[in-house]
Number of protein chains: 2
Amino acid sequence: MKQVKYVYTFGNGKAEGDATMKNELGGKGANLAEMCRLGLPVPPGFTITTECCNDYFANDGKIPAALRPQVETALKMVEAQIGRKYGDPKNPLLVSCRSGARQSMPGMMDTVLNIGLSTSTIPGLIERTKNERFVWDSYRRLIMMYADVVMEKAEGIEPFEGKGIRAILEEMMKQYKYIRNCKADTELTADDLKALADAFKRRIKEILGVDFPDDPMAQLWGGIGAVFKSWVGKKAISYRRIEGIPETWGTAVNVQTMVFGNMDMNSATGVAFSRNPATGENKFYGEWLINAQGEDVVAGIRTPNPLNNATKSDKNRDIPSMEEQMPAVYRQLDDIRLKLEKHYHDMMDLEFTIEQGKLYMLQCRVGKRGGKAAVRMALNMLDEGLIDEKTAVLRVSPNQVMEFLLPIIEPRVLSQTKQILKGLPAGPGAACGEICFSTEEAIAATRLGKKVILVREETNPEDIDGMRVATGILTARGGMTSHAALVARGWGKSCIVGAADMAVDAPNKMMKIGDKIYREGNQLTINGSTGMVYEGALPLVAPTANQDYSLFLRFMALADKHRTMGVRANVDNSTDAKKARDFGAEGVGLFRMEHMFYGEGSARPLFLLRKMILCVTQQDREAVLKELFPYMKKDIMGTMEAMEGLPVTIRLLDPPLHEFVPHSQLGRAELAKALGIPEDEVRKRVDALQESNPMMGHRGVRLSVSYPEMTRYEAIAIFESAVELSQRGKSVIPEIMVPVVCDVRELRHTKMIIEEVHKEILRRYALKDLPYHIGTMIEIPRAALLADQMAETADFFSFGTNDLTQMTFGFSRDDIGSFMKDYLDQRILKADPFQTIDQEGVGALIKMATTAGRSVKPDLKVGICGEQGGEAASVEFCYQAGLSYVSCSPFRVPLARVAAAQAAVHRELAKTPAKAAAPAKAVAPAPVKRASAPAKAAAPAKKAAAPAKKAAAPAKKAPAKK
Amino acid sequence: MKQVKYVYTFGNGKAEGDATMKNELGGKGANLAEMCRLGLPVPPGFTITTECCNDYFANDGKIPAALRPQVETALKMVEAQIGRKYGDPKNPLLVSCRSGARQSMPGMMDTVLNIGLSTSTIPGLIERTKNERFVWDSYRRLIMMYADVVMEKAEGIEPFEGKGIRAILEEMMKQYKYIRNCKADTELTADDLKALADAFKRRIKEILGVDFPDDPMAQLWGGIGAVFKSWVGKKAISYRRIEGIPETWGTAVNVQTMVFGNMDMNSATGVAFSRNPATGENKFYGEWLINAQGEDVVAGIRTPNPLNNATKSDKNRDIPSMEEQMPAVYRQLDDIRLKLEKHYHDMMDLEFTIEQGKLYMLQCRVGKRGGKAAVRMALNMLDEGLIDEKTAVLRVSPNQVMEFLLPIIEPRVLSQTKQILKGLPAGPGAACGEICFSTEEAIAATRLGKKVILVREETNPEDIDGMRVATGILTARGGMTSHAALVARGWGKSCIVGAADMAVDAPNKMMKIGDKIYREGNQLTINGSTGMVYEGALPLVAPTANQDYSLFLRFMALADKHRTMGVRANVDNSTDAKKARDFGAEGVGLFRMEHMFYGEGSARPLFLLRKMILCVTQQDREAVLKELFPYMKKDIMGTMEAMEGLPVTIRLLDPPLHEFVPHSQLGRAELAKALGIPEDEVRKRVDALQESNPMMGHRGVRLSVSYPEMTRYEAIAIFESAVELSQRGKSVIPEIMVPVVCDVRELRHTKMIIEEVHKEILRRYALKDLPYHIGTMIEIPRAALLADQMAETADFFSFGTNDLTQMTFGFSRDDIGSFMKDYLDQRILKADPFQTIDQEGVGALIKMATTAGRSVKPDLKVGICGEQGGEAASVEFCYQAGLSYVSCSPFRVPLARVAAAQAAVHRELAKTPAKAAAPAKAVAPAPVKRASAPAKAAAPAKKAAAPAKKAAAPAKKAPAKK
């Protein structure tokens with residue numbers, strides 16, 4: 001039997017792995033190896049593969065036997081490099097155990113530091129460091145972390161009286177500090193910390209029933225197992241569900257020599273980005289803390305210091321930067337950032353520690369960035385020759401471009417309003433909503449249709465669901481690299497962090513700013529682009545032409561250059577149509593006439609519709625249709641005019657009858673009068689319209705079959721509009737779309753009516769021709785199954801994926817609330833199919849229907865007008881399925897344009913003969929290994945969600961296509 | 001250009017066509033040609049093809065130019081044979097124009113007789129026949145018929161003041177008879193009839209605005225066109241919709257020399273069957289009338305005389321038979337019937353006319369017969385060596401075997417009840433319901449869920465829809481070959497005709513029997529097997545072991561011998577299961593546990609279910625499930641025991657939650673008490689369970705995902721039942737079926753729960769094994785699309801075609817009432833897909849899923865448990881799709897067995913290398929041309945509805961299969 005290689009070592013400028021091995025080593029492990037290979041100062045260590053993680057679970061959660069000897073061998077290599085021995089009482093080696101999946105899952109899995117400290121090794125370390133306080137502080141940290149991660153969570157132990165062991169130990173420490181009259185942890189002496197450590201161990205035994213392990217090897221194996229187990233922890237599962245990460249990926253474990261940023265005042269730790277992740281400017285940007293461990297920066301417990309002078313803000317103008325305090329180390333770090341950018345062709349996110357003046361690199365990865373920053377970086381790097389056009393297009397996730405369109409506070413109102421609070425602008429865009437202080441409340445309020453600002457002292461991974469539903473996030477603590485900031489930026493959500501002048505009292509559901517108290521339910525407006533917080537709900541408006549808009553336009557032009565699939569918009573009226581056109585829509589994929597029955601000005605048409613619904617004879621219906629006609633025509637003509645020169649797909653009426661019947665006594669009385677029948681008769685007819693499952697009831701083309709006169713009048717309105725507009729010199733080609741079709745004979749029936757009207761119009765206006773198209777929605781499974789028949793009669797198809805998803809799954813969209821959460825939680829479904837197209841099932845129907853339709857009519861135009869048409873993964877799928885266009889809400893048109901462009905680029909890159917990095921398995925293409933390998937291109941990624949996942953393409957500019 | 005052959009002549013022992021040419025010449029034309037070839041006395045004539053009919057409509061309803069010369073040539077041939085000339089003043093030839101489609105459509109299309117009579121030819125005919133009265137009577141008949149069929153209906157003229165021209169002319173004649181004091185038409189003299197004819201012509205001109213044509217050739221072309229047009233008449237369209245006959249078939253037109261059964265007392269006309277169509281006995285059976293034209297017999301205007309002594313009934317014992325009155329002609333006719341049976345290998349339906357003592361054959365076709373008669377004939381003919389086994393199996397339509405299971409009146413009640421009326425037993429089986437006197441009322445009452453007996457003076461084709469919805473039909477006039485009798489037998493509907501002692505006053509919605517008046521809504525019971533009518537609603541029971549039951553058993557055994565696909569039953573309890581077993585079910589394809597919540601004894605389980613639905617915690621639900629458990633187990637065990645030795649498929653609970661929540665205040669109060677919560681809270685939880693589209697809501701396996709404990713308890717009940725039964729020595733293998741699955745992970749989830757329970761049971765009972773299967777319903781389109789994935793986890797599939805049809809069409813079965821009629825009327829759908837499987841759409845999914853499933857698991861068992869599983873065409877489809885079994889309601893099991901047997905025989909026959917008659921086009925295989933061609937077999941018919949459509953196979957016995 002061949003031995004599985006579970007362990008890859010790195011250190012001293014050499015490494016068994018490299019950056020292409022993310023699938024095996026996780027992102028962290030692969031990049032640690034890569035940095036070693038680049039000669040950067042990385043503390044030596046080794047990575048246990050993701051495969052081993054899977055084997056661990058397959059082995060009933062026990063360490064696979066083959067792993068032990070490999071770990072022991074690797075440990076010996078590390079010991080040799082560092083000159084210390086693990087568990088050696090004299091000169092002990094300490095290590096960290098860190099998780100690391102293919103894709104970054106910040107804070108979702110567990111880490112244990114300072115492993116290897118025990119009663120036997122403590123004296124040796126004190127001897128070596130001459131720093132008794134440091135050693136005991138490290139030991140109490142190890143105990144707290146280990147008890148929490150390894151002894152409690154990994155063992156699946158329920159919190160004691162609702163409180164986790166970590167909270168219990170922290171409470172002990174808090175009490176002790178109070179008694180000893182210490183404000184900061186740093187005031188605790190070595191003796192204090194030793195006493196605490198002893199107390200901690202006793203308490204652990206009492207609560208968890210087992211001793212804190214004093215054997216360094218036991219500690220190590222406990223740490224490794226705990227990291228594996230954290231892969232299936234609640235937080236990690238929830239995050240994977242949101243991000244669509246498969247469980248089968250597993251996590252790697254990185255065991256690495258400990259270096260200490262908290263050893264003394266010549267030690268430090270920090271996080272940096274090779275460019276500013278918020279603005280995209282090419283300025284080295286980061287935060288650091290002297291005498292601290294990494295978690296202090298990331299967790300936002302202390303607000304950190306600026307890295308250099310160029311990126312100081314008003315808030316930290318007076319705090320010394322690393323550039324000022326440790327200029328030599330800073331220069332070394334700045335060199336490293338330039339080296340890494342040139343190597344990875346992308347903005348990098350770095351973690352470093354300085355131990356007694358010596359710099360160590362602990363992590364590097366492609367950095368997350370906000371949307372505007374992503375666009376600016378892509379364009380800058382393109383201009384700098386660092387990446388080519390195709391790569392630039394891939395560098396911005398479709399969701400990120402939406403940031404340019406994020407609402408801003410109405411400028412006039414803004415100029416007259418004073419902020420009540422200021423924090424760090426962590427996630428751009430303005431948002432307003434009711435204050436909520438917990439995830440539970442945020443979810444509950446959102447269910448009631450409210451908009452919510454989640455206000456927290458600081459966020460942690462437990463808040464993930466609340467952050468998701470909130471319109472905006474506001475925290476009192478934490479920096480630009482804190483949990484809240486990272487998550488919000490990833491989602492393009494408005495977020496302000498580190499608003500320190502706010503005192504949050506979550507248990508009492510209130511907060512204080514100055515003297516003023518704000519309670520749950522009070523309205524708040526935040527501007528995540530500036531960090532300003534305002535009282536009340538200020539009016540928000542579209543961004544129109546703000547200063548960054550030119551960046552947006554340049555990027556969109558670049559995307560359009562590479563895009564081949566069309567993008568249209570779903571609109572309800574001419575205002576929508578104009579907006580869609582501004583956003584780059586190339587036509588209307590779905591014009592819904594039903595708009596006239598909703599909202600302002602709808603009273604009369606709605607009354608007429610109700611009247612028509614209740615008519616019994618065709619004659620009566622026609623009389624009402626005549627009255628309704630001007631309203632239909634006005635909306636149709638307005639929309640066609642706004643879209644002049646571009647195609648407009650007009651869907652025939654599909655009003656949900658049961659929603660429109662009058663349920664009030666007054667409404668019935670009015671109708672009774674209008675129809676000249678008794679009220680009782682109205683009630684009877686209304687009752688007859690009730691349906692058990694209206695979604696599958698008398699709707700769409702079924703109405704046309706029963707009441708052909710409806711279709712007749714709609715066709716007249718469409719053709720008259722077309723004629724009158726063309727008489728005014730406007731070029732319009734209406735596309736008439738028939739909804740809810742399940743049999744081609746429905747389509748033929750409707751086409752016959754429309755053709756008759758067309759002939760009449762030609763005669764009436766003495767025209768030779770009046771071009772138009774007639775097509776069908778494919779929103780019923782049967783229509784998809786019989787698409788070849790449909791194509792004989794239809795000029796085009798448009799997939800109505802909302803209904804198609806309902807019927808294909810047998811899910812009523814209005815009713816899935818009762819079980820969809822269970823389905824996602826239990827991972828029965830990977831995603832809500834109403835958000836993103838179910839590629840396996842619904843997608844199979846789309847592909848089958850497109851193929852069958854084109855087998856009959858090779859040039860058949862095929863589009864999609866369901867709401868998924870504005871969702872990035874669905875757009876990519878539509879491109880792969882060969883659709884002619886996607887159509888979505890006007891606001892999402894830019895997103896769709898970028899997604900379509902990326903889909904085209906992905907296909908182009910897939911065609912490139914150059915070897916792509918692990919194209920079949922990799923979701924995030926690995927960075928190129930050698931900057932000098934010009935032909936190496938990014939592999940087509942299946943999911944274009946985060947730009948951080950995209951790899952640099954060669955510096956050579958790609959020739960312009962088309 | 002090649003000349004299309006539109007006209008085929010026949011006469012004088014020769015014919016251009018033959019019996020295989022039904023598609024071209026229609027049934028009547030093909031068989032007239034065949035009879036000529038057999039040397040039978042057929043008046044010469046010619047047939048215009050169905051192709052010409054299609055060309056006629058393609059030519060905008062004008063006679064195709066190519067037809068005219070062909071008709072003229074054919075007419076010359078006829079003139080030469082008969083020795084008279086069409087339009088000749090001296091010795092004129094008269095002809096009839098009759099319709100004739102591929103498949104008999106009795107009374108649905110039009111006929112014109114006596115064509116060629118005009119002012120110029122009348123004197124010549126009087127001269128030749130020496131019978132002035134006969135000639136004027138023929139003329140007035142021509143005028144009445146022609147005005148109605150050609151001048152009014154074919155021209156699409158709306159009736160004048162609601163009255164058709166025929167009714168107007170009849171009213172005139174009635175008035176005239178009254179004035180002249182004549183009771184019967186026969187009392188009118190030649191002068192009277194001449195005066196009437198003149199008056200008719202004047203009135204026609206006044207009302208229709210055109211002259212009655214006096215030119216014989218104009219009459220002929222008018223007649224031909226009218227027959228074509230009657231193909232698209234309302235009645236014909238409605239009949240085709242019901243019978244599933246495509247419009248593209250068209251009708252042929254038979255132009256034939258007139259022979260007159262009404263020329264004198266030595267003339268007669270009649271209809272006969274080569275065997276008794278009601279009982280199946282091998283006795284020549286028929287009815288005739290002296291001095292009458294054919295329509296007099298068929299329309300039931302006069303109650304006709306018996307053909308021979310052997311078939312006289314109590315009612316017509318004293319009326320002279322043809323055997324007595326015209327013994328020579330009778331013997332000739334009897335020879336012909338034997339000749340025809342031997343030639344066609346089937347029971348034949350004959351029409352004949354005797355003109356002044358000379359016999360003419362006007363029609364022969366395979367005769368329609370009732371179900372019991374069909375079985376008896378098939379078995380008799382098999383015994384006689386006239387047909388082989390396969391043919392015998394095909395001779396009985398699946399629906400017809402149901403007649404053996406038709407309800408009868410409870411024998412003890414019957415013995416104590418006296419009939420109020422007696423008529424002819426035209427359609428077997430007992431029925432009871434409310435009296436309705438019109439089609440409209442029958443339909444309206446049926447919509448209210450009532451059972452209806454349609455009572456008419458006599459029925460005509462306009463009554464077809466009312467006859468369809470009625471449970472039984474009762475008419476005062478007409479014989480066994482009347483319209484009502486033919487239609488009822490075709491549908492297997494209970495029917496009594498010719499109950500002359502009943503006076504029907506339809507306009508006043510009442511009838512009188514003796515002195516007693518019965519009104520609309522009064523209850524009546526009829527016994528269509530005996531002809532007895534009873535007052536009130538007598539209790540009906542299953543037939544158990546009546547005298548014909550042994551015939552049924554023998555036929556079913558024959559069918560089973562040829563059947564290869566399994567037949568199971570859908571049952572709700574052990575009573576059903578026993579019944580199903582009696583009917584030959586080979587297992588249970590669907591056992592629904594929900595039965596315990598309905599009907600008798602359901603109060604407690606229903607209360608528990610309601611309680612469970614409203615529980616919030618899993619703990620509470622489990623507590624209720626424990627209480628519910630004994631009810632579940634009892635039903636499961638009972639059903640398994642009743643089916644001992646056969647497989648039982650148990651569907652996991654799929655209760656429609658929204659139906660079960662208590663809507664009454666009392667129910668809520670009770671639950672509030674039981675749950676220990678306020679009533680308001682109950683109301684809130686009930687509201688939360690309301691769904692917009694419950695059909696696509698929280699149901700089936702979705703409940704299992706949310707509430708796995710439900711599945712747990714169901715699995716315990718199933719396995720405990722299996723163990724306890726096997727401990728009692730009963731062999732049971734439960735098949736657990738998961739409903740409403742759309743993703744394989746739902747199935748895996750449920751399978752995991754079931755496997756856990758299985759392990760527990762094995763442990764608890766210390767068993768080594770307890771075999772069971774787990775499978776999935778395929779009732780959601782997505783499950784069908786991803787069937788390959790499903791098959792990895794499922795041991796079997798069962799298509800739930802009710803839901804699958806709902807989702808595939810987007811039709812809510814509860815709501816299609818509002819538009820299904822429009823869809824069928826406008827022929828957008830050929831049939832209601834909930835009645836018979838939609839083979840194109842739903843069928844495509846079934847085939848795809850079966851293929852995909854078996855590609856993963858070649859021996860995958862695949863069945864169907866939707867209601868279509870008991871419908872003949874659907875069973876045939878399931879066989880073709882390769883399903884392992886169909887499952888249907890117990891009562892329909894015999895039907896499914898026959899349908900499955902026929903499907904297998906069809907495939908066997910299709911494999912036979914011998915040339916089958918027009919296999920691609922013919923629905924009804926034509927009879928063999930030569931009795932001496934032994935290899936000629938019936939082609940596989942697409943629809944096995946009427947045995948009359950099946951052709952005789954060679955007399956050689958087929959070797960027994962298997």
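Lettering of chains follows the sequences in order, A, B, ..., and the numbering in each one begins at 1.
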[X] atom [atom1]: more than 12 heavy-atom contacts under 6.0 Å:
X: B/Arg685; atom1: CZ; answer: yes
X: B/Arg854; atom1: CZ; answer: yes
X: B/Lys751; atom1: NZ; answer: yes

Open item on the list: Between B/Arg702 and A/Phe811, is the side-chain contact (heavy atoms from CB on, under 4.5 Å) condition met? List the steps.
Closed with: CA-CA 10 Å; B/Arg702 297 166 196 174; A/Phe811 284 171; 3.4 Å; yes
- [ ] Would you name the heavy atoms of A/Pro694 and B/Ser692 that are closest together and state the gap between them?
- [x]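 Result for this residue pair: CD-O, 3.3 Å.
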Task: Heavy-atom pair with the smallest gap, counting every atom of B/Val705 and A/Asp822 - done: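 For B/Val705 versus A/Asp822, the nearest heavy atoms are CG1-CB, 4.1 Å.
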For the candidates [options], which exhibits the highest count of non-hydrogen atom pairs separated by less than 4.5 Å from chain B?
options: A/Gln789, A/Met848, A/Arg827, A/Arg813; value: A/Gln789
options: A/Gly697, A/Gly700, A/Gly841, A/Ser812; value: A/Ser812
options: A/Asp803, A/Asp743, A/Leu829; value: A/Asp743
options: A/Cys742, A/Ala844, A/Ala783, A/Ala784; value: A/Cys742

Task: Qualifying ring-ring contact (aromatic ring centres under 6.0 Å, His included) pairs with a residue from residues 683-705 of chain B, counting only residues at least two apart or across chains - done: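 Residue pairs passing ring-ring contact (aromatic ring centres under 6.0 Å, His included), neighbours aside: A/Phe819-B/His698, B/His698-B/Tyr707.
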Taking the side chain as everything from C-beta on, heavy atoms only, tell me whether [X] gets closer than 4.5 Å to [Y].
X: A/Tyr823; Y: B/Ser706; value: no
X: A/Gln826; Y: B/Arg745; value: no
X: B/Leu786; Y: A/Glu840; value: yes
X: B/Glu691; Y: A/Asp814; value: no

Task: Steps toward salt bridge (Lys or Arg N to Asp or Glu O under 4.0 Å) verdict (A/Asp838, B/Arg782) - done: CA-CA 10 Å; A/Asp838 157 49; B/Arg782 194 171 186 272; 2.6 Å; yes
Contact part of [X] toward chain A, heavy-atom cut-off under 4.5 Å: side chain, backbone, both or neither?
X: B/Leu703; result: neither
X: B/Arg748; result: neither
X: B/Glu779; result: neither

Task: Separation between CD of A/Gln690 and CG of B/Asp815, rounded to the nearest 0.5 Å - done: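 Nearest 0.5 Å value for the CD-CG distance: 10.0 Å.
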- [ ] Starting at OG1 of B/Thr808, measure out to CE of A/Met807 and round the result to the nearest 0.5 Å.
- [x]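 Rounded to the nearest 0.5 Å, the OG1-CE separation comes out at 10.5 Å.
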Open item on the list: Once side chain to side chain donor-acceptor pair (under 3.5 Å) is applied, do any residues pair with B/Glu792, and if so which ones, sequence neighbours excluded?
Closed with: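 Here no residue qualifies.
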Open item on the list: Walk me through whether A/Met696 and B/Asn693 qualify under side-chain contact (heavy atoms from CB on, under 4.5 Å).
Closed with: CA-CA 8 Å; A/Met696 305 196 289; B/Asn693 298 284; 5.8 Å; no
Open item on the list: Let's test your reading of the structure: which of B/Val842, B/Val740, B/Ile816, B/Leu845 forms the most heavy-atom pairs below 4.5 Å with chain A?
Closed with: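 Winner by heavy-atom pair count: B/Leu845.
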